Trainee: 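Sharing a structure, written as structure tokens. Questions coming.
Just so it is clear, the model here is predicted, and its values are computed rather than measured.
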Amino acid sequence: QVQLVESGGDLVQSGGSLRLSCAASGFTSDYYAIGWVRQAPGKQREGVSCIGSHDGNKGYSDSVQGRFTISRDSAKNTVYLQMNSLKPDDTAIYYCATDLIIGRACTLNPDYNYWGQGTQVTVSS
């Protein structure tokens, strides 16, 4: 089965850091673009970062540029999102997702069709 499982969400103070993990199974994530998308109550769903197949490109939304870093560990079939200088506005459920279109570069906010269960990030002031 194709599965994506997020972990690493927590409650953290403003200015703190978290590292989210997206563990893939049932497919080799290197061949596909993976994105991180967040959903907060009362807000539009926002694609915050993505990484292309074979790390060919990386993308970040304006709201997280300079603070978040996406990376991939091929040996672990896992994509990470390092989040630094966290702000209360970063509070959301964070999902990783893919469209399983092989060999493509990534773009923010594509039409993903495979999603993880999400992990909660809460940033207090």
Trainee: For Ile34 and Cys96, which heavy atoms make the closest approach, and how far apart are they?
Mentor: CG2-CB, 4.4 Å
Trainee: In the structure I gave you, are the side-chain heavy atoms of Leu81 and Ser49 within less than 4.5 Å of one another anywhere?
Mentor: yes
Trainee: Which residues satisfy the side-chain hydrogen bond (donor to acceptor under 3.5 Å, both in side chains) test with Gln65, sequence neighbours excluded?
Mentor: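 Here no residue qualifies.
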Trainee: About how many Å separate NZ of Lys87 and OG of Ser125, when rounded to the nearest 0.5 Å?
Mentor: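 If we round to the nearest 0.5 Å, Ser125:OG and Lys87:NZ are 14.0 Å apart.
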Trainee: Using side-chain heavy atoms (C-beta onward) and a distance below 4.5 Å, is Ser14 in contact with Pro88?
Mentor: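 Ser14 vs Pro88: side chains touch.
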Trainee: Please give me the minimum heavy-atom distance between Asn77 and Ser25, naming the atom from each residue.
Mentor: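 Reported closest heavy-atom pair: ND2-N, 4.2 Å.
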Trainee: Between Leu20 and Val121, is any pair of side-chain heavy atoms under 4.5 Å apart?
Mentor: yes
Trainee: Give every residue pair that meets the ring pair (Phe, Tyr, Trp, His ring centres under 6.0 Å) criterion with at least one member in residues 38-65, sequence neighbours excluded.
Mentor: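 Non-adjacent pairs meeting ring pair (Phe, Tyr, Trp, His ring centres under 6.0 Å): Tyr31-His54.
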Trainee: Report yes if the side chains of Cys22 and Trp36 come closer than 4.5 Å at any heavy-atom pair, otherwise no.
Mentor: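 Cys22 reaches Trp36 side chain to side chain.
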Trainee: How far does OG of Ser61 sit from CD of Glu46, to the nearest 0.5 angstrom?
Mentor: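 Taking OG in Ser61 and CD in Glu46, the distance rounds to 4.0 Å.
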Trainee: Please check this pair: side chain of Thr91 against backbone of Asp89, looking for a donor-acceptor N/O pair closer than 3.5 Å.
Mentor: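 No.
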Trainee: Sequence neighbours left out, what pairs pass salt bridge (charged side-chain N to carboxylate O under 4.0 Å, His left out) with at least one residue falling in residues 96-116?
Mentor: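 Salt bridge (charged side-chain N to carboxylate O under 4.0 Å, His left out) check on residues 96-116 returns no pairs.
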Trainee: Determine yes or no for a side-chain-to-main-chain donor-acceptor pair under 3.5 angstrom, with Arg72 supplying the side chain and Gly52 the backbone.
Mentor: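 Yes, the answer is positive, given that a donor and an acceptor are paired below the 3.5 Å cut-off.
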Trainee: Taking the six-membered ring of Tyr80, is the NZ or CZ of Arg19 close enough (under 6.0 Å from the centre) and on axis enough (within 45°)?
Mentor: yes
Trainee: Going from OG on Ser124 to CG on Leu86, what distance comes out if it is rounded to the nearest 0.5 angstrom?
Mentor: 10.5 Å
Trainee: Do Ile93 and Arg38 make a side-chain contact, defined as non-hydrogen atoms from C-beta onward lying under 4.5 Å apart?
Mentor: no
Trainee: I'd like to know if the side chain of Thr119 and the backbone of Gly9 have a donor-acceptor N/O pair within less than 3.5 Å.
Mentor: yes
Trainee: Applying the side chain to side chain contact (heavy atoms under 4.5 Å, CB included) criterion to Val79, which one of Ile51, Leu4, Asp55 satisfies it?
Mentor: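 In the set Ile51, Leu4, Asp55, the residue that makes a side chain to side chain contact (heavy atoms under 4.5 Å, CB included) with Val79 is Ile51.
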Trainee: Heavy-atom distance under 4.5 Å between the side chains of Val37 and Val48, does that happen here?
Mentor: no
Trainee: Would Ser74 and Asp30 count as having a side-chain donor-acceptor pair, cut-off 3.5 Å?
Mentor: yes
Trainee: Going hydrophobic residue to hydrophobic residue with side-chain gaps under 4.5 angstrom, can you get from Phe68 over to Val12?
Mentor: yes
Trainee: Could you check if a side-chain atom of Glu6 sits within less than 4.5 angstrom of a side-chain atom of Ser21, using non-hydrogen atoms only?
Mentor: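 Glu6 does not reach Ser21 side chain to side chain.
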Trainee: With Arg67, which residues qualify under salt bridge (charged side-chain N to carboxylate O under 4.0 Å, His left out), at least two apart?
Mentor: Asp90
Trainee: For Ala33 and Thr98, work out which heavy atoms get closest and say how close.
Mentor: O-OG1, 2.8 Å
Trainee: As a test of understanding, state which of Thr69, Val123, Leu18 forms a side chain to side chain contact (heavy atoms under 4.5 Å, CB included) with Met83.
Mentor: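 Answer to the side chain to side chain contact (heavy atoms under 4.5 Å, CB included) test with Met83 among Thr69, Val123, Leu18: Leu18.
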Trainee: What residues, two or more places apart in sequence or in another chain, satisfy ring-ring contact (aromatic ring centres under 6.0 Å, His included) together with Tyr112?
Mentor: Trp115
Trainee: Are Gln82 and Ser17 close enough, and set up right, to give a side chain to side chain contact (heavy atoms under 4.5 Å, CB included), and what steps lead you there?
Mentor: CA-CA 8 Å; Gln82 178 68 46; Ser17 297; 4.0 Å; yes
Trainee: Would you please name every residue forming a ring-ring contact (aromatic ring centres under 6.0 Å, His included) with Tyr32, sequence neighbours left out?
Mentor: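 By the ring-ring contact (aromatic ring centres under 6.0 Å, His included) rule, Tyr32 matches Phe27.
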